[in-house]
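Here is how names work: the chains are called A, B, and so on, in the same order as the sequence lines, proteins then strands, and each is numbered from 1. Below, each value reflects all heavy atoms present in this structure, side chains not excepted, and no hydrogens, waters or symmetry copies.
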2 protein chains.
Amino acid sequence: MSRKNESTRNRILKSAWTLLEKGEGPVRMSDIAKAAKISRQALYLHFPNRADLLIAVTRHLDEVHDVEARLAESRMAPSGVKRLQAWIAAWGDYIPQIHGVARALMAMRDHDAEARAAWEGRMAAMREGCAAAVAALEADGDLREGLSPVEATDLLWSLLSVRVWEQLRLDCGWPQERYIAVTQETARRALVGG
Amino acid sequence: MSRKNESTRNRILKSAWTLLEKGEGPVRMSDIAKAAKISRQALYLHFPNRADLLIAVTRHLDEVHDVEARLAESRMAPSGVKRLQAWIAAWGDYIPQIHGVARALMAMRDHDAEARAAWEGRMAAMREGCAAAVAALEADGDLREGLSPVEATDLLWSLLSVRVWEQLRLDCGWPQERYIAVTQETARRALVGG
DNA sequence: AGATTACTTTACACCATGTCAAGTTGACGG
DNA sequence: CCGTCAACTTGACATGGTGTAAAGTAATCT
């Protein structure tokens with residue numbers, strides 16, 4: 001527990017999240033400070049740099065939205081296929097909420113090693129959800145022939161990437177439910193054999 | 001035709017391309033200048049800014065690799081399905097060569113309106129290839145039910161995005177042929193009915 | 001009263017892009 | 001042989017965002 005004011009820290013995280021989610025151009029440290037009603041320098045009393053702040057925002061979001069609970073739901077599905085569908089719905093509905101931060105972190109990936117590591121860590125965690133769904137498919141003997149479990153996981157992971165969501169949802173203008181439905185059907189056809 | 005030395009211009013483009021394709025961290029204007037053996041300022045005698053330089057690199061690549069010829073090939077396929085496969089192979093094999101520039105342009109998209117417009121233009125052109133393949137499928141009556149032609153195009157477009165290639169090829173370490181093969185099969189299953 | 005915490009304000013270093021102005025060099029025409 | 005022009009070089013500088021440093025202030029705890 002930090003000795004710094006906890007409410008200020010939360011205000012920063014919330015302000016940063018709000019700004020990032022609005023998606024109105026690049027969000028600078030000074031923008032976040034202004035939104036949180038503190039000086040730009042005070043940000044550095046709470047977070048050593050921009051990357052750390054962004055990472056803290058994602059962790060904060062995980063807490064607020066209780067990611068664990070969402071994932072637990074998909075783990076209870078009765079069959080591999082059902083589990084796949086539940087996983088896609090759970091993750092697919094979470095993307096919109098982390099999208100702003102995700103964008104910012106991805107943009108930093110090139111210059112900032114820490115940002116890259118953080119983002120890769122989160123994506124690795126997401127990949128485990130994909131692996132679990134694929135494993136459930138395989139246990140049912142439903143995994144398509146000609147695709148190894150690892151490859152199937154890679155494929156599902158790519159299909160569920162934030163970039164693909166961005167493209168279909170924002171560039172192509174698909175409604176969220178349509179994105180979920182088509183992605184579920186696409187994944188089923190791509191991964192399930194028979 | 002510019003009055004500036006044409007060979008210098010080509011040397012710049014080639015140097016920029018080489019550096020970008022190596023993918024060793026961010027490529028600065030000074031890096032490109034050094035590689036082309038001119039001063040950083042001389043770059044600005046040939047290109048008004050970084051975005052324009054990058055765009056020129058893509059156009060240069062199109063010329064060098066004769067993109068039109070590649071596309072013409074896929075247009076001659078006898079059936080919709082064959083055409084889809086040919087298109088995926090053609091574009092999928094082109095991605096590795098434009099990947100470096102693509103990355104750089106995508107990274108600029110957020111701050112630079114010109115870079116964004118340029119990239120979107122190129123992606124719109126690529127999308128036409130997807131639309132043509134989908135139209136060929138539909139003409140054969142092979143388009144999956146429950147998916148409009150526009151949606152099918154969007155889906156194929158996303159599946160063939162540079163980001164997905166990056167993820168499978170670089171993050172997951174797939175060989176290029178495997179990327180092509182699995183993408184072809186995935187697209188077939190996702191788009192073709194029956 | 002004194003110390004500590006959580007800030008503020010001001011100033012500055014760094015780095016990449018892009019601008020500006022004053023050279024230098026080599027080729028070509030008269 | 002001289003002048004001119006095109007293609008470059010060198011050096012200085014503005015801008016914008018990140019991050020560092022230091023001194024000051026106001027409230028709170030003991």
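Aromatic ring centroids of B:W17 and B:H60 lie 6.0 Å or more apart.
Contact annotation: B:S30 does not reach the phosphate of C:dA16 (side-chain N/O to OP1 or OP2, under 4.0 Å). Side-chain N/O atoms of B:H111 include none lying less than 4.0 angstrom from OP1 or OP2 on D:dG16.
In this structure, the CZ atom of B:R9 is 18 Å from the P atom of D:dA6, given to the nearest Å. Per the geometry, CD1 belonging to A:I32 stands 11 Å off P belonging to D:dG19, to the nearest Å. In this structure, B:K34 atom NZ and C:dA16 atom P are separated by 11 Å, rounded to whole Å. One atom, CZ of A:F47, and another, C1' of D:dT18, lie 16 Å apart when rounded to the nearest Å. Here the C1' atom of nucleotide D:dG19 and the CZ atom of A:R28 are 16 Å apart, to the nearest Å. Distance, B:N49 CG to C:dC20 P: 14 Å, rounded to whole Å. Atom CG in B:D112 sits about 15 Å away from atom P in D:dG16, given to the nearest Å. Across the protein-nucleic acid pair, B:H46 atom NE2 and C:dG18 atom P stand 16 Å apart, rounded to whole Å.
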Name the atoms and distances for all side-chain donor-acceptor pairs under 3.5 Å in residues 73-84 of chain A, with sequence neighbours left out.
residue	atom	partner	partner atom	Å
A:S74	OG	A:L71	O	3.1
A:S79	OG	A:K82	N	3.1

Pairs under 3.5 angstrom only: tabulate donor-acceptor contacts from the side chains of residues 22-30 of chain A to other protein residues two or more places apart or in another chain.
residue	atom	partner	partner atom	Å
A:R28	NE	A:D31	OD2	2.9
A:R28	NH2	A:D31	OD1	3.2
A:R28	NH2	A:D31	OD2	3.4

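Cluster partners of B:L159, by chain and number: A:L159. The rule joins Ile, Leu, Val, Met, Phe, Trp and Tyr whenever side-chain heavy atoms lie under 4.5 Å apart.
For the pair B:E138 (side chain) and B:L143 (backbone), a donor-acceptor distance under 3.5 Å is absent.
Between A:R50 and B:R11, the residue anchored nearer the 5' end of DNA chain D, judged by the nucleotide with its closest heavy atom, is B:R11.
By the side chain to side chain donor-acceptor pair (under 3.5 Å) test, A:R144 is found to be paired with no residue, residues two or more places apart in sequence or in another chain being considered. Residues satisfying the side chain to side chain donor-acceptor pair (under 3.5 Å) criterion with B:D62, sequence neighbours excluded, are B:Y94, B:R122.
Closest contact between the side chain of B:M29 and the listed nucleotides D:dT9, C:dT17, D:dC8 involves C:dT17. Listed nucleotides C:dC7, C:dG18, D:dC8 differ in distance to B:A42; the shortest reach to its side chain belongs to D:dC8.
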Quick one: which protein N/O atoms are closer than 3.5 Å to N/O atoms of nucleotides 20-22 of chain D? Pair and distance per line, please.
residue	atom	partner	partner atom	Å
D:dT20	O4	A:Q41	NE2	3.4

